[in-house]
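One structure below.
Sequence positions, counted from 1, serve as the residue numbers for this chain. Bear in mind the structure is a predicted one, so any value in this text is a computation, not a measurement.
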Amino acid sequence: MIWILSLILVVVILIPTYVTLAFYLVWHYDRRNFQAPPADGGRDPLRGTAVARAILAEAASLTFLSGTYPLRLLHDASPKRARACDHRPVILVHGYGGNSANFLWMQWRLRRQGFRNVYAVSYTPPHINARKLAAQVARHVENVLARTGAEQVDLVCHSMGGPLTRYALKNLGLAGKVNKVITLGSPHYGTRISSLFPAQGAAAQMRYRSPFLEELAEGGQCPGEARFYCLYSELDNFVMPASTATLADAEENLHLPYLGHCALLYSPRVARAVCERLKAD
C-alpha cells in the first residue's frame, strides 16, 4: 500500500513539473522567434538564477492547483446573506479549465485583510463557446448582488476569466454593476499557446488576435464603466506575448517580474497588489 501511495505522489508531482517545463520551452521558442517590445516599453534582461527559481515555483504552484482541484465540491458557494463589512463583495473568476478551488489561497488572504464577502465561482465546461461561459459569470455576479443586497461588486479574474468578464460587462447587462476588475495574467488579446489546443470553443476564441477578442475590443477595451487593473508577468508561460495581458485603457498595468501563470494565484506580491487596489478609492 505504501509503495502505491508513493507512486501516486510521484506521478502527481512529475506530471505538473513536466507540463511546466514543456510550456516554458514553448515560451522560450516564442520569445526567440516572435520578438515584441515589452508591455511597459523597457525591461532589464532576465536573470538566469531568478528564472530557474521562478520555474520551480511555477511547477509547485501547478502541483498545488492540481492537487486541490477536487475541492471545488466543497469550495463552490453561493452567498446566503451579506456579512457585515466595509467593502463591496469580491468575486473571484478562474481561468480556462480551472474552478473555484484555484482561489483557495487568494480567498484566504483577502479575508485576512478584512474582505468578508469573498466568493469564488466556477463555470463549465471550458470547451464550449466563450459567450456561454461569460453568461455563467454574469449569472454568478447577479446572484451575489441579489443575495447580498450590494449595488456593485469587484472582480478578480485569472487568465481567461478576464476576457469573459469584459464580454459580460459589454454584452450581458453587467454595465454599472461592477466597480473594479483586477486581472491576473489575462490574455485580453489572446495567446499564441492556444494554437496548441483543439480549435474549438473557448480555446479557439482565446487564440492571439482571434475574431472574438478583436470584436470584444471594439468600442473600448474596458467596458461597463468598470475600472480595470491588469497584473501580469513577462515570465508567464501561458500568455504569449506578455503585452496581451495589458489594456491601454486600464487604470494601471502592473508588471510583477518572475512569476509564472499559476504562480500568480499564490504569490504574496500579487495578493498584496490585489488588496491594495481593492481598498483604494
Side-chain angles (χ1 to χ4, degrees), residues 76 78-79 88-100 102-103 119-148 150-191 194 197 199-232 238-239 243-253 277:
D76 280 354
S78 295
R88 284 176 295 274
V90 179
I91 301 177
L92 311 175
V93 186
H94 65 82
Y96 183 89
N99 64 37
S100 59
N102 296 170
F103 280 105
Y119 307 105
V121 302
S122 294
Y123 55 83
T124 55
H127 63 272
I128 66 174
N129 191 289
R131 293 175 176 85
K132 294 181 179 180
L133 296 177
Q136 294 182 43
V137 174
R139 286 196 295 271
H140 281 299
V141 173
E142 296 284 6
N143 185 38
V144 170
L145 288 170
R147 295 294 184 91
T148 63
E151 294 182 357
Q152 288 185 315
V153 297
D154 293 328
L155 273 69
V156 180
C157 310
H158 181 242
S159 195
M160 189 174 71
L164 295 185
T165 294
R166 288 171 58 220
Y167 185 89
L169 283 164
K170 182 177 182 179
N171 300 303
L172 301 178
L174 289 190
K177 300 177 181 179
V178 177
N179 183 55
K180 296 177 184 177
V181 178
I182 302 174
T183 64
L184 315 177
S186 287
H188 293 295
Y189 286 97
T191 171
S194 286
F197 293 83
Q200 61 180 5
Q205 291 165 301
M206 291 301 117
R207 290 187 173 185
Y208 188 53
R209 298 285 181 177
S210 71
F212 170 79
L213 293 170
E214 292 286 359
E215 177 186 336
L216 181 56
E218 293 177 358
Q221 300 172 336
C222 303
E225 305 171 17
R227 291 181 287 171
F228 278 75
Y229 301 83
C230 301
L231 280 55
Y232 73 100
F238 281 75
V239 177
S243 59
T244 193
T246 66
L247 292 170
D249 297 338
E251 295 280 325
E252 182 183 18
N253 291 302
R277 280 145 190 82

Completion exercise
In short, salt bridge (charged side-chain N to carboxylate O under 4.0 Å, His left out) pairs touching residues 178-191 with sequence neighbours left out are none
Exercise for the section: Determine which pairs satisfy salt bridge (charged side-chain N to carboxylate O under 4.0 Å, His left out) with at least one residue from residues 128-145, sequence neighbours left out, and list them in order. Expected result: Arg131-Glu215, Glu142-Lys177
Exercise for the section: Report yes if the side chains of Leu155 and Ile182 come closer than 4.5 Å at any heavy-atom pair, otherwise no. Expected result: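 They are not in side-chain contact.
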Acceptor/donor pairs from residues 218-230 side chains to any protein atom, 3.5 angstrom cut, sequence neighbours excluded:
| residue | atom | partner | partner atom | Å |
| --- | --- | --- | --- | --- |
| Gln221 | OE1 | Ala248 | N | 2.7 |
| Gln221 | OE1 | Asp249 | N | 3.0 |
| Gln221 | NE2 | Tyr189 | OH | 2.5 |
| Arg227 | NH1 | Asp281 | O | 3.1 |

Problem - Sequence neighbours excluded - ring-ring contact (aromatic ring centres under 6.0 Å, His included) pairs with any residue from residues 161-180 - result: Tyr167-Phe212
Practice task
Under the salt bridge (charged side-chain N to carboxylate O under 4.0 Å, His left out) rule, collect the residues that match up with Arg207, sequence neighbours excluded.
Solution key: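 None.
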Problem - Under the salt bridge (charged side-chain N to carboxylate O under 4.0 Å, His left out) test, residues paired with Lys170 that sit two or more places apart - result: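 Listed in chain order: nothing, the list is empty.
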Problem - Partners meeting side chain to side chain contact (heavy atoms under 4.5 Å, CB included) with Ser186 (sequence neighbours left out) - result: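 Expected list: Pro163, Thr183, His188.
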Fill in the blank from the handout: Hits for side chain to side chain contact (heavy atoms under 4.5 Å, CB included) against Pro211, two or more places apart or cross-chain, chain-then-number order -> none
Practice task
Report the residues that fulfil side chain to side chain donor-acceptor pair (under 3.5 Å) with Gln152, sequence neighbours left out, ordered by chain and then residue number.
Solution key: none
Handout entry: Residues which pass side chain to side chain donor-acceptor pair (under 3.5 Å) with Asn129, listed by chain and number, not counting sequence neighbours
Key = Gln205
Practice task
Please confirm whether Tyr123 and His94 have ring centers closer than 6.0 angstrom.
Solution key: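 So the answer is yes for these two rings.
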Problem - Of all pairs that satisfy side-chain hydrogen bond (donor to acceptor under 3.5 Å, both in side chains), the ones with a partner from residues 154-165, not counting sequence neighbours - result: Arg88-Asp154, Ser159-His261
